[in-house]
Amino acid sequence: MQHRGEIIKKAVYKSGFSITELAKRLGKSRRWVYLMFENPSVSLDVVLQLEKIIHYNFSKEIKEIRPSNIEFIESISGNQTEKYSEEYWKNKYLRLLEEYNDLLKINNSK
């Protein structure tokens with residue numbers, strides 16, 4: 001499993017962004033940021049916030065971040081066409097449907 005905290009830590013140090021400024025922009029304490037670096041399962045919401053703050057694309061290192069999600073976020077902030085929004089929701093629906101089917105299979109096998 002990927003250790004998201006370590007991936008984030010490397011990206012933050014590579015960006016040259018100070019921990020103090022990062023904590024301030026996240027609305028958290030410096031201690032919280034250091035604890036995040038130790039957390040192997042940092043939430044995707046936090047990862048996406050960090051992308052915007054330090055201007056780093058985590059989609060190559062963190063598999064759960066898909067280009068369709070990134071395009072959707074950019075479309076909201078950049079006022080792009082609604083095409084991205086439709087694509088995002090379609091992909092999200094399909095992913096949830098697949099996860100639901102997997103859960104049904106697991107339940108039926110018990």
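Quick caveat: nothing in here was measured; it's all calculated off a predicted structure. The basis for the numbers below is simple: all heavy atoms, side chains too, and nothing from hydrogens, waters or symmetry mates.
Judged by distance alone, with hydrogens and angles left aside, the side-chain atoms of Gln49 form no donor-acceptor pair with the main-chain N or O of Leu26 at under 3.5 Å.
With contacts defined as side-chain heavy-atom distances shorter than 4.5 Å, the pair Arg4/Leu44 qualifies. Looking only at side-chain heavy atoms (C-beta outward), Thr20 and Val33 stay at 4.5 Å or farther from each other. Under the 4.5 Å side-chain criterion, counting only non-hydrogen atoms from C-beta, Leu35 is in contact with Glu38.
The distance from the CD atom of Glu98 to the OH atom of Tyr93 is 11.0 Å, given to the nearest 0.5 Å. To the nearest 0.5 Å, the span separating CG on Leu50 from CD1 on Ile8 amounts to 5.5 Å. For the atom pair CD (Gln2) and OG (Ser41), the distance works out to 11.5 Å, reported to the nearest 0.5 Å.
Every salt bridge (Lys or Arg N to Asp or Glu O under 4.0 Å) that Glu21 has, sequence neighbours left out, goes to Arg25.
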field: Pair Leu104-Asn107, side chain to side chain contact (heavy atoms under 4.5 Å, CB included): steps then yes or no
entry: CA-CA 5 Å; Leu104 284 176; Asn107 258 354; 5.5 Å; no
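A single hydrophobic cluster is seen to contain both Tyr13 and Val42, as judged by linkage of ILVMFWY side chains at heavy-atom distances under 4.5 Å, directly or through other members. Ile7 and Tyr34 fall within a single hydrophobic cluster, where Ile, Leu, Val, Met, Phe, Trp and Tyr side chains are chained together by heavy-atom contacts under 4.5 Å.
Of the N and O atoms on the side chains of Asn57 and Ser59, at least one donor lies less than 3.5 Å from an acceptor on the other residue.
The only option from Lys10, Glu61, Glu51 that meets the side chain to side chain donor-acceptor pair (under 3.5 Å) definition with Tyr56 turns out to be Glu61.
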